[in-house]
Amino acid sequence: MLDQRLLRENPEVMSEQLRRRGLEVDLRYLQAIALRERELEERRSALQAEGNRIGREVGQRLRSGGRPDDPEVLALKEEGNRVKRSVAELEEEEKELERRLRERLLEFPNVPSAQTPAGTSEADNVVVKLWGEPRRPSAGEALKEHWQILEDLKLIETERSVRIAQSRFVTLLGQAARLERALIAFMLDLHGQRGYREVLPPILVNSASLTGSGQLPKFAEESFKCADDDLWLTPTAEVPLTSLHRDEVLDASQLPLRYVAHTPCFRREAGSYGRDTRGLIRLHQFNKVELYWFCHPEASDAAHERLTRDAENVLESLELPYRRMELCTGDLGFSAARTYDLEVWLAGAGAYREISSCSTCGDFQARRSNIRCKDMDKGKSKGTRLVHTLNGSGLAVGRTMAALLEAGQQADGTVRLPSALVPYFGAEVLGRPSP
RNA sequence: GGAGAGGUGGCCGAGUGGUCGAAGGCGCAGCACUGGAAAUGCUGUAUAGGGGCAACUCUAUCGAGGGUUCGAAUCCCUCCCUCUCCGCCA
């Protein structure tokens with residue numbers, strides 16, 4: 001959510017920031033609402049002060065022997081009633097304006113960071129770095145895509161999964177199931193060694209949690225909702241992790257708080273009919289290991305680099321070539337101020353595909369979720385500020401498996417895995433008789 | 001699902017209509033004492049929004065919303081949540 005004070009005092013600045021994102025909005029009407037709301041609040045609280053004064057005086061008179069039917073006391077009571085009615089009137093309009101204002105503000109995306117490069121689409125994203133040597137087919141070699149490898153090894157059920165659920169669900173079998181599990185454990189351990197606290201959160205989340213991280217109200221059609229409860233299947237662990245500290249004031253000296261969570265993620269993928277219909281790339285249900293930081297507002301730039309490095313570390317440990325892209329203003333996600341996408345090389349597909357998205361949200365989610373931190377100075381509070389939140393995949397597990405399979409495929413149909421996985425998977429090669 | 005109890009500050013816990021933002025304790029911070037520490041003593045310790053250079057001051061907040069009243073943490077109604085016991089269950 002964007003700052004109401006900025007809206008009141010500097011709507012042009014806010015408009016300009018949103019314009020960088022490709023959003024053309026006239027904020028004058030909204031500003032008028034915000035100013036009117038503030039004005040009502042001032043008048044209302046002055047009236048309430050008057051009412052409190054009257055109440056105190058009645059109390060004083062009665063306690064010092066005044067009689068309840070004393071004409072002066074009766075007059076004061078009448079005056080108190082009058083004030084009460086006025087307050088109620090102002091309050092009604094004030095609340096209505098407040099509600100409308102919040103409703104509108106929740107619809108606005110975050111504004112881009114000053115560092116985010118300008119652009120209108122994916123095409124304007126910037127390659128920041130390249131790592132590793134992408135595998136290309138040698139002469140006469142045809143590299144398979146991961147789904148082909150899995151099918152040839154009989155490690156995936158595609159049609160039968162439609163029977164169980166519907167399309168865009170898969171069932172992994174045998175060594176593929178084992179590899180998925182190995183990857184999750186590997187990633188959690190790796191991040192744990194780098195100081196992340198492991199979390200196993202609820203994966204059904206309520207509406208307030210989805211609103212706090214930015215999925216609601218705008219993207220309701222992207223998530224699965226339980227019919228009889230105010231609960232949704234989480235589309236990313238970012239949602240429960242944000243709400244882990246919703247409505248809290250964190251001790252600034254304890255920051256940053258760094259969490260890593262593995263969860264299944266559920267997405268309806270509305271509007272992506274026909275895209276990535278085979279394999280593990282785009283599913284309604286997938287596993288993801290998520291990194292999440294709550295950090296001091298001054299520390300978030302450095303934190304963003306650190307978090308992105310932590311995600312890259314997984315790719316490097318798995319010897320998977322990748323590139324780091326910096327998203328342009330037009331390609332940013334709703335809650336992000338600045339984002340690095342990590343794209344892994346898929347040797348069979350012959351393309352880089354997104355495998356991690358590392359974003360800093362500034363105070364956007366913190367404002368929605370009411371998460372602040374308090375700086376102390378010799379035991380005295382120096383006031384609270386909204387924290388900054390950051391998140392990044394570390395990594396999307398299914399896509400990681402796809403990349404590994406395509407990168408390590410061998411002429412005999414088996415797959416050589418990176419040595420880092422051996423302790424987790426139990427073998428160097430996938431596709432041979434059971435490890 | 002059935003029965004009961006309860007939601008007060010960072011935590012514990014008192015308060016049952018009138019300066020109550022809320023006693024007391026714990027915790028935390030500062031100061032004093034100490035060679036240093038412990039113990040002890042004193043002091044200070046919520047958040048949000050307004051006004052003021054500031055000291056300070058006004059308003060709101062005792063789970064949420066509504067009601068009674070000049071005045072509500074306190075009385076009434078509705079809702080939410082938590083806990084205990086029973087049943088069911090991985």
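Each chain gets a letter, A, B and so on, in the order its sequence line appears, and its residues count up from 1.
Between A/Phe169 and A/Phe224, the angle of the ring planes lies from 30° to 60°, which puts this pair in the tilted group. A/Phe294 and A/His245 have perpendicular rings, their planes meeting at more than 60° on a 0 to 90° scale where under 30° would count as parallel.
In a base pair of the Watson-Crick type (N1 to N3 plus N6-O4 or O6-N4) or a G-U wobble (N1-O2 and O6-N3), with each distance short of 3.5 Å, B/rU82 is matched with B/rA5. B/rG27 is paired with B/rU45 under the Watson-Crick or G-U wobble criterion, all donor-acceptor distances under 3.5 Å. If you check B/rU69 for Watson-Crick or wobble pairing at under 3.5 angstrom, you find it has no partner at all. Pair assignment for B/rC33 gives none, since no Watson-Crick or G-U wobble pairing has each distance under 3.5 Å. Nucleotide B/rC88 has no partner under the Watson-Crick or G-U criteria, as no pair reaches both atom distances under 3.5 Å. Using the Watson-Crick or G-U wobble rule with both distances under 3.5 Å, B/rA39 pairs with nothing in any strand shown. Pairing partner, B/rA22: none, since no Watson-Crick or wobble contact has both distances short of 3.5 Å.
Using C1' as the reference atom, B/rA38 and B/rA32 are 15 Å apart when rounded to the nearest Å. On the C1' atoms, B/rU78 is 27 Å away from B/rG21, given to the nearest whole Å. Between B/rA54 and B/rU16, the distance separating the two C1' atoms is 41 Å to the nearest Å. Nucleotides B/rU74 and B/rG67 are separated by 15 Å at their C1' atoms, to the nearest Å. When the P atom is compared between B/rA64 and B/rG7, the two are found 13 Å apart, to the nearest whole Å. Atom C1' of B/rG87 sits at a distance of 11 Å from the matching atom of B/rA3, rounded to the whole Å. B/rG71 and B/rU61 are spaced 13 Å apart, taking the P atom of each and rounding to whole Å. Rounded to whole Å, the separation between the C1' atoms of B/rC53 and B/rA14 comes to 41 Å.
Across all strands, A/Arg5 comes closer than 4.0 Å only to sugar-phosphate atoms, never to a base (heavy-atom distances). Residue A/Arg8 is in sugar-phosphate contact alone, with no base atom involved, counting any heavy-atom pair closer than 4.0 Å across all strands shown. Using a 4.0 Å heavy-atom criterion, one finds that A/Leu74 contacts no nucleic acid atom at all.
For the pair A/Asp152 and A/Lys144, the salt-bridge criterion is met [side-chain N within less than 4.0 Å of a carboxylate O]. Using a 4.0 Å cut-off between charged side-chain N and carboxylate O, A/Glu57 and A/Arg53 make a salt bridge.
The CG atom of A/Asp247 sits 19 Å away from the P atom of B/rC80 (whole-angstrom rounding). Between A/Leu40 atom CG and B/rA60 atom P the separation is 16 Å, expressed in whole Å. If you measure from atom CG of A/Leu250 to atom P of B/rA46, you get 18 Å, rounded to the nearest angstrom. Remark: P of B/rA72 and CD1 of A/Ile54 are 13 Å apart, rounded to the nearest angstrom. The distance from atom CG of A/Leu62 to atom P of B/rG18 is 12 Å, rounded to the nearest whole Å. Nucleotide B/rG67 holds its P atom 14 Å from the CG atom of A/Asn81, rounded to whole Å. Residue A/Glu248 contributes atom CD, which lies 10 Å from atom P of B/rC11 at whole-angstrom precision. Rounded to a whole Å, the CZ atom of A/Arg53 is 11 Å from the P atom of B/rU59.
The stretch residues 87-102 of chain A comes close to RNA chain B through A/Lys95, each having a heavy atom under 4.0 Å from the strand.
Sorted by first and then second residue, the side-chain hydrogen bond (donor to acceptor under 3.5 Å, both in side chains) pairs involving residues 418-431 of chain A (not counting sequence neighbours) are A/Asp189-A/Tyr424, A/Arg416-A/Glu428.
For A/Thr384, taking side-chain heavy atoms from C-beta onward, the closest of the listed nucleotides B/rU69, B/rA48, B/rU59 is B/rA48.
The closest donor-acceptor contact from the side chain of A/Ser272 to the backbone of A/Glu269 lies under 3.5 Å.
OP1 or OP2 of B/rU47 sits under 4.0 Å from a side-chain N or O of A/Lys374. For B/rU59, the OP1/OP2 oxygens have a side-chain nitrogen or oxygen of A/Asn52 closer than 4.0 Å. Residue A/Arg43 places no side-chain N or O under 4.0 Å from the OP1 or OP2 atom of B/rG51. Phosphate proximity of B/rG50 to A/Arg38: present, with a side-chain N or O under 4.0 Å from OP1 or OP2.
The side-chain contact (heavy atoms from CB on, under 4.5 Å) search around A/Glu89 returns none, not counting sequence neighbours.
Nearest-nucleotide positions on RNA chain B for A/Gln48 and A/Arg372 put A/Arg372 closer to the 5' end. Nearest-nucleotide positions on RNA chain B place A/Arg385 closer to the 5' end than the other of A/Gly51 and A/Arg385.
Both the sub-6.0 Å distance and the 45° axial angle are not jointly satisfied by A/Arg197 relative to the ring of A/Tyr259.
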Item to check | A/Ser335/A/Asn110 under side-chain hydrogen bond (donor to acceptor under 3.5 Å, both in side chains): CA gap, chis, key distance, verdict | outcome: CA-CA 5 Å; A/Ser335 298; A/Asn110 200 357; over 6 Å; no

Next on the checklist: Before you tell me yes or no, could you show the steps for A/Tyr340 and A/Ser359 under side chain to side chain contact (heavy atoms under 4.5 Å, CB included), namely the whole-Å CA-CA distance, both residues' side-chain angles and the distance that decides it to 0.1 Å?
Outcome noted: CA-CA 6 Å; A/Tyr340 293 124; A/Ser359 300; over 6 Å; no

